[in-house]
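Worksheet for the structure shown next.
Below, chain A is the first sequence line, B the second, and so on; all start at residue 1.
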There are 2 protein chains.
Amino acid sequence: MRIDDLDTPAVVIDLDRLEANIARFQAHLDRHGIANRPHIKTHKIPQIAQMQIAAGAVGITCQKLGEAEVMADAGITDIFLPYNILGAAKLERLVALARRVQVSVTADSPDVVTGLGAAMSGAGLELPVLVECDTGMGRCGVQTPAEAAELAFQIARTAGLRFGGLMTYPSSPAIGPFMREAVRLLRERGLPVERVSGGGTAGMWHAHEHPEVTEYRAGMYVYGDRYTLRAGALRLEECAMSVLTTVVSRPTPDRGVIDGGSKTFSSDLLGLEGYGLILEYPEARIVNLSEEHGVVDFSQCAQKPAIGERVRVLPNHCCVVSNLFDEVIGARRGEVETIWRVAARGTVR
Amino acid sequence: MRIDDLDTPAVVIDLDRLEANIARFQAHLDRHGIANRPHIKTHKIPQIAQMQIAAGAVGITCQKLGEAEVMADAGITDIFLPYNILGAAKLERLVALARRVQVSVTADSPDVVTGLGAAMSGAGLELPVLVECDTGMGRCGVQTPAEAAELAFQIARTAGLRFGGLMTYPSSPAIGPFMREAVRLLRERGLPVERVSGGGTAGMWHAHEHPEVTEYRAGMYVYGDRYTLRAGALRLEECAMSVLTTVVSRPTPDRGVIDGGSKTFSSDLLGLEGYGLILEYPEARIVNLSEEHGVVDFSQCAQKPAIGERVRVLPNHCCVVSNLFDEVIGARRGEVETIWRVAARGTVR
């Protein structure tokens, strides 16, 4: 079957580009001696995680326990969960996961450490816990190197836990002073830092400019989107994901409506103008999304599409598109080669 | 089980409020002799559609064929699809649907009418087709009453089709002149207008102020959200959906992070400031979402939550939240009464 025969909207992954993206970044990290631990939130597909492992990744990163459970079911044996796991229900699931695969997590507060310790020591397990550091993201994370060191020692002396290192996101020039100072404070007091985990697709080609970072987490590099394009991390001809849509209405000479809206693309702008790039009409602007309609301004296009014409959209943010679809189409040179179930779609718990 | 025992994030529907919302709006439309044809895109749950039918709705509205197929499977027998159905794959599915339930659709161009006619006459069926009118939304729809009349006559003379009336969205004062003129043009030339379909939750209590509207499509009225609250359509104590989340991090005295992000709430702003209202901390602002984190500014709150505390969020847009979850919890006075599968989740085709 050709992708031209697919019903729309459909998410199409160019397999040549996907494979090249996986290989290219793995080679970059290998060259610089940095461990690769890709984030599977982007694709949520075990088969792609397996491709990343086969290419040389040491393990994977998942954001939620549900993602990790799906990946463990698929045979992935080393999973990092850079998230604060709290509450009886989740701690029980974490224990079950830790019994069958190598798991590491993060913490940014004594409360989280206490909960993890009680669950793990009760189960007779030892869990590596990294300290999450807020190096400018303004999300989770301890605020200073001194706080990082203090929490690291709490982890080290908690039964059932092992201090696993430091983690931050994204890797930017700002992380250097914070990470170096935290490492210095810990070494000075005799606590080895086994891993320093950095990440982010936007800065992926600068991963080696942070000598303190020993492993790297990138997600979007496998697919690419308008955000990674603007960040300069991938070129347009390297982007592997597109959303196949149909022009269902042409109410005015300049306006067109495609059959994908916020339930196809999400409303993520990520600072961009418009909701996606139409590959066949790069001068067009997707100016508005409702749930199942995308309103397009074709006024700047010399040629304009007819009703029924199919157009491919490079989305703003590939990770959220994956999460809206039950399956994606793997294609090579326009021919459908495989259909992958997005097995970890919707795993927000 | 109490909702306090649910793992987070979880979508909780207050069943008392849901039932009251369904009854209240049905009574309003009944009082004014307007047919109720609720839009199920908001909940995507057959059981709620059945509640709406039981309360007096004449049928339902679905935006995509996939939604309609799920609802037909659940025994709903009258379905309106106000969407341009195009292409062999979808027309084949539409024929199959029309063989088992009463279906009506819309068109806004001769191309769509031609495709519908060929499919329906080939199958020996007669499909009611309403003309979609753009009365200011700037999405699909013919642009003038004269265009509406012209397309209506094309439908009327197309084998396999019947002119089913006029449709617009949303019902606003602007629709009056357009609809009245279109109806006049059609009656003058002897074509009866069997239905005029309007809609929109924001203007739901003004449905009767448009005497030309004979049926009304509202979706969000069953749940309510920050958008319907701002529109004045529902009061806070009538909103039935909330998202139960946990505060997983308190990195600074003013900042908190909840375990729901854009994969829980979507990034829909709908012109609002912030990404949701925390019911227990109404002065808080959800200032930023990443995929699995919601960053909250608690600086304006006299009391601030501890790590591990659970908070309920009224989302900006209930329809997109439904579409991100496989199931929602139906609760009454804090007690879990039912778990509904969001059976039409992800049906974008």
Over 12 non-hydrogen atoms of neighbours within 6.0 angstrom of CZ in A:F298: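 Correct, the count exceeds 12.
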
For the CZ atom on A:F178, are there more than 12 heavy atoms of other groups (residues, nucleotides or ligands in this structure) within a distance under 6.0 Å?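 Yes, enclosed.
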
Is A:R345 paired with B:D326 through a side-chain N to carboxylate O contact shorter than 4.0 Å? yes

With distance as the sole test, does B:Y83 use its side chain to make a donor-acceptor pair with the main-chain N or O of A:V248 at under 3.5 Å? no

Under a 4.5 Å heavy-atom cut-off, does chain B meet the side chain of [X], its backbone, both or neither?
X: A:V142; value: neither
X: A:A10; value: both
X: A:T347; value: backbone

Within the 4.5 Å heavy-atom criterion, are [X] and [Y] side-chain neighbours or not?
X: B:S262; Y: A:H317; answer: no
X: A:L324; Y: B:N323; answer: yes
X: B:I307; Y: A:L86; answer: yes
X: B:R255; Y: A:D134; answer: yes
X: A:E292; Y: B:K41; answer: no
X: B:K90; Y: A:T246; answer: no

Less than 4.5 Å to any heavy atom of chain A: does that hold for the side chain of [X], its backbone, both, or neither?
X: B:V112; answer: side chain
X: B:D259; answer: both
X: B:E92; answer: neither
X: B:V247; answer: backbone
X: B:V295; answer: side chain

So which residue, [options], ends up with the most heavy-atom pairs under 4.5 Å with chain A?
options: B:K64, B:H293, B:Q63; value: B:H293
options: B:G138, B:S109, B:G294, B:G115; value: B:G138
options: B:R250, B:Q143, B:E132; value: B:Q143

Any idea which of A:L269, A:D108, A:I85, A:L6 has the most non-hydrogen atom pairs under 4.5 angstrom with chain B? A:D108

Can you tell me which of A:C140, A:A89, A:A107 forms the most heavy-atom pairs within a distance under 4.5 Å of chain B? A:C140

Polar side chain donor-acceptor pair, A:R139 to B:S290, under 3.5 angstrom: yes

Identify the two heavy atoms, one from A:P251 and one from B:G141, that lie closest to each other, and give their separation to 0.1 Å. CB-O, 3.4 Å

Pick out which of B:T42, B:V320, B:D268 makes a side chain to side chain contact (heavy atoms under 4.5 Å, CB included) with A:E291. B:V320

B:R93/A:D7 under salt bridge (Lys or Arg N to Asp or Glu O under 4.0 Å): CA gap, chis, key distance, verdict: CA-CA 11 Å; B:R93 288 164 62 200; A:D7 197 7; 3.4 Å; yes

Would you sort out whether A:S266 and B:K263 count as a side chain to side chain contact (heavy atoms under 4.5 Å, CB included), showing the intermediate values? CA-CA 9 Å; A:S266 93; B:K263 284 176 175 169; over 6 Å; no

